[in-house]
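For reference, the structure is listed below as structure tokens.
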Amino acid sequence: MADKRDYYEVLGLQKGASADEIKAAYRKAALKWHPDRWVSGTDQEKKTAEANFKEASEAYSVLSDPDKKAKYDQFGFAGMDGGAGMDWSQGFGNLNDILNNLFGGAFGGFGGFNGFGGFGGFGGGQQGTRVMKGQDIQTHIKLTLEEIATGCEKEVSINQLQLCPDCNGRGTRNSSDIKTCPTCNGQGKVQQFANSIFGRTITYGTCPQCHGEGKIVSNPCPKCKGKGTLAVKTSVKVKVPAGVENGMQLTVRGEGHAAPRGGVNGDLFVIVDEMPHALFKREGVNLFYTKVISITDAILGCELNIPCLSGPQKLKLDAGTQSGTVIKMRGQGLPAVNGYGVGKGDLYVKILVWIPRKLSRSEREMMEKLGQSDSVRPDPSREDRSLFEKESQYF
């Protein structure tokens with residue numbers, strides 16, 4: 001998924017955007033990049049428009065679906081079960097149909113692409129009083145493999161903007177000192193008009209006087225200097241589900257920075273940093289472990305104690321176990337995140353036979369005598385020879 005852009009970035013949105021904001025952003029992208037609008041463009045322009053339209057449509061298909069959006073917000077592309085994907089085998093669809101589906105047939109005024117009418121049906125777009133949203137916070141959390149196996153609750157320390165206790169986030173101690181912005185009439189946005197070959201278009205920009213808040217504060221609070229917030233070092237408890245992987249992002253809603261003047265808090269995004277383990281290597285839900293045994297144990301067979309995340313487990317080795325043999329211990333791996341998968345992973349144990357570098361005289365004499373036996377000499381015609389070569393390819 002490394003080649004994919006963040007879906008919110010594709011649509012020019014911040015995380016936590018509302019359904020209406022997502023819909024409006026996709027409308028804007030569809031109007032700009034739908035291939036029908038680039039029929040007279042160069043080949044490169046057509047390719048660019050097609051790629052951008054596909055990217056925007058895929059982003060909208062995820063963010064407009066509450067379940068998919070929740071998974072994406074918490075786990076990113078890792079929660080998409082292989083990616084959202086889009087089927088373009090039937091073409092891109094008519095832009096009028098796309099817009100009518102978005103706005104319930106009330107789009108109007110587009111007039112089809114053959115005679116690109118004006119944007120008469122757009123108008124509107126007016127919103128109520130702007131609700132401010134606090135900025136998000138991103139931090140990291142270190143987890144051991146044992147914590148990942150069972151899930152856990154951790155505390156993270158963050159520097160967080162909280163509402164000023166003196167003015168309760170208003171920016172002033174007296175409510176009467178908060179006035180509606182005369183420039184935008186409390187909307188936080190101002191209309192901007194532009195004429196183009198497609199007709200007159202209306203866009204909305206942040207109000208330059210109130211900076212999008214819709215309110216003007218006089219006589220600011222001396223403690224917070226009118227900002228409504230103060231920086232505080234605090235800690236937040238984070239519930240970590242079992243099976244998370246390095247680099248995954250956990251979302252704690254409402255634990256970001258506070259927003260002044262009745263706004264809503266941002267979110268806290270916690271990135272998982274998986275600590276290296278002394279014994280195990282990890283690939284997805286599976287674990288890998290190497291066990292070194294003596295020559296005699298390999299020849300005669302033995303019973304081993306294998307460390308597992310759930311506690312030591314017995315593993316019986318047959319006589320004649322070859323160095324490089326890999327044995328799978330089912331269900332001794334890791335669970336899938338939030339149960340997205342079938343059962344638990346496995347633990348793969350690789351057996352290596354220890355060859356001593358130095359022997360005493362008596363030991364050498366015993367080994368020389370043993371070496372005269374046909375049983376200990378490699379024989380390419382024997383079945384276990386091919387088994388040895390096969391097992392040696394593991395890892």
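We count residues from 1, following the sequence as given. Source: prediction; values computed, not measured.
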request  = Give a yes or no on this: more than 12 heavy atoms of other residues, nucleotides or ligands lie within 6.0 Å of atom CD of Q14.
outcome  =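 Result for CD/Q14: open.
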request  = May I ask you to check whether over 12 heavy atoms, not counting those of R364, lie within 6.0 Å of atom CZ?
outcome  = no
Which atoms form the tightest heavy-atom contact between [X] and [Y], and what is the distance?
| X | Y | answer |
| --- | --- | --- |
| K344 | G333 | CE-O, 3.5 Å |
| S61 | K68 | O-CD, 3.9 Å |
| I295 | P356 | CD1-CD, 3.8 Å |
| V238 | V156 | CG2-CG2, 3.9 Å |
| C224 | G171 | SG-CA, 4.3 Å |
| K133 | A259 | C-CB, 3.8 Å |

Inter-residue atom distance [X].[atom1] - [Y].[atom2], 0.5 Å rounding:
| X | Y | atom1 | atom2 | result |
| --- | --- | --- | --- | --- |
| L268 | D136 | CG | CG | 9.0 Å |
| I148 | M248 | CD1 | CE | 10.0 Å |
| I327 | K291 | CD1 | NZ | 12.0 Å |
| I158 | Q138 | CD1 | CD | 12.5 Å |
| E58 | F53 | CD | CZ | 12.5 Å |
| Y289 | L347 | OH | CG | 9.0 Å |

Spell out, yes or no, whether [X] and [Y] are grouped together once hydrophobic residues are joined by side-chain heavy atoms under 4.5 Å, including indirect joins.
| X | Y | result |
| --- | --- | --- |
| V236 | L230 | no |
| W354 | M367 | no |
| I293 | M329 | yes |
| M275 | L279 | no |
| L13 | F269 | no |

For [Y], is there any backbone N or O sitting under 3.5 Å from a side-chain donor or acceptor partner on [X]?
| X | Y | result |
| --- | --- | --- |
| D273 | H140 | no |
| Q322 | G320 | yes |
| N265 | G254 | yes |
| Q187 | C184 | no |
| H257 | L161 | yes |
| T172 | P220 | no |
| K369 | M366 | no |
| N174 | D177 | no |
| Q160 | E255 | yes |

key: Derivation of the side-chain contact (heavy atoms from CB on, under 4.5 Å) call for K23 and Y60   = CA-CA 8 Å; K23 185 181 292 186; Y60 178 72; 4.3 Å; yes
Could you tell me whether the side chain of [Y] reaches within less than 4.5 Å of the side chain of [X], counting heavy atoms only?
| X | Y | value |
| --- | --- | --- |
| V232 | N159 | no |
| Y348 | N286 | yes |
| I216 | T180 | no |
| I299 | D297 | no |
| V285 | P335 | no |
| K223 | P165 | yes |
| V240 | L143 | yes |
| T139 | I271 | no |

task = Could you give me the CA-CA distance, side-chain angles and deciding distance for E363 and S360, then say whether side-chain hydrogen bond (donor to acceptor under 3.5 Å, both in side chains) is met?
result = CA-CA 5 Å; E363 289 169 340; S360 66; 3.3 Å; yes
Below 3.5 Å, can you tabulate the donor-acceptor pairs from side chains in residues 307-318 to any protein atom, sequence neighbours excluded?
residue : atom : partner : partner atom : Å
S310    : OG   : Q332    : OE1          : 3.1
K314    : NZ   : N305    : OD1          : 2.9

Salt bridge (charged side-chain N to carboxylate O under 4.0 Å, His left out) evaluation trace for E274 with R282 = CA-CA 10 Å; E274 182 179 322; R282 177 185 182 181; 2.7 Å; yes
message = Using a strict threshold of under 4.0 Å (side-chain N to carboxylate O), is an ion pair present between K54 and E50?
response = yes
request  = Run the salt-bridge test on K15 and D267 with the 4.0 Å N-O cut-off and return the result as yes or no.
outcome  = no
Do you see a donor-acceptor pair shorter than 3.5 Å between the side chains of [X] and [Y]?
| X | Y | answer |
| --- | --- | --- |
| Y7 | D73 | no |
| E45 | T48 | no |
| D6 | Y72 | yes |
| Y26 | S57 | yes |

Pairwise salt bridge (charged side-chain N to carboxylate O under 4.0 Å, His left out) hits with a residue in residues 143-158, at least two apart =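 Qualifying pairs, neighbours excluded: E147-K154.
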task = May I have the step-by-step check of side-chain contact (heavy atoms from CB on, under 4.5 Å) for L145 and L334, ending in yes or no?
result = CA-CA 9 Å; L145 205 55; L334 296 167; 4.1 Å; yes
request  = Can you sort out the partners of S176 under side chain to side chain donor-acceptor pair (under 3.5 Å), two or more places apart, ordered by chain and number?
outcome  =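 Once residues adjacent in sequence are excluded, S176 has no partner under the side chain to side chain donor-acceptor pair (under 3.5 Å) criterion.
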task = Dump the intermediate steps for side-chain contact (heavy atoms from CB on, under 4.5 Å) on F288 and K350, then the final yes or no.
result = CA-CA 8 Å; F288 298 84; K350 180 181 180 181; over 6 Å; no
request  = Kindly determine whether K179 and V217 satisfy side-chain contact (heavy atoms from CB on, under 4.5 Å), including the steps that lead there.
outcome  = CA-CA 6 Å; K179 306 294 184 184; V217 175; over 6 Å; no
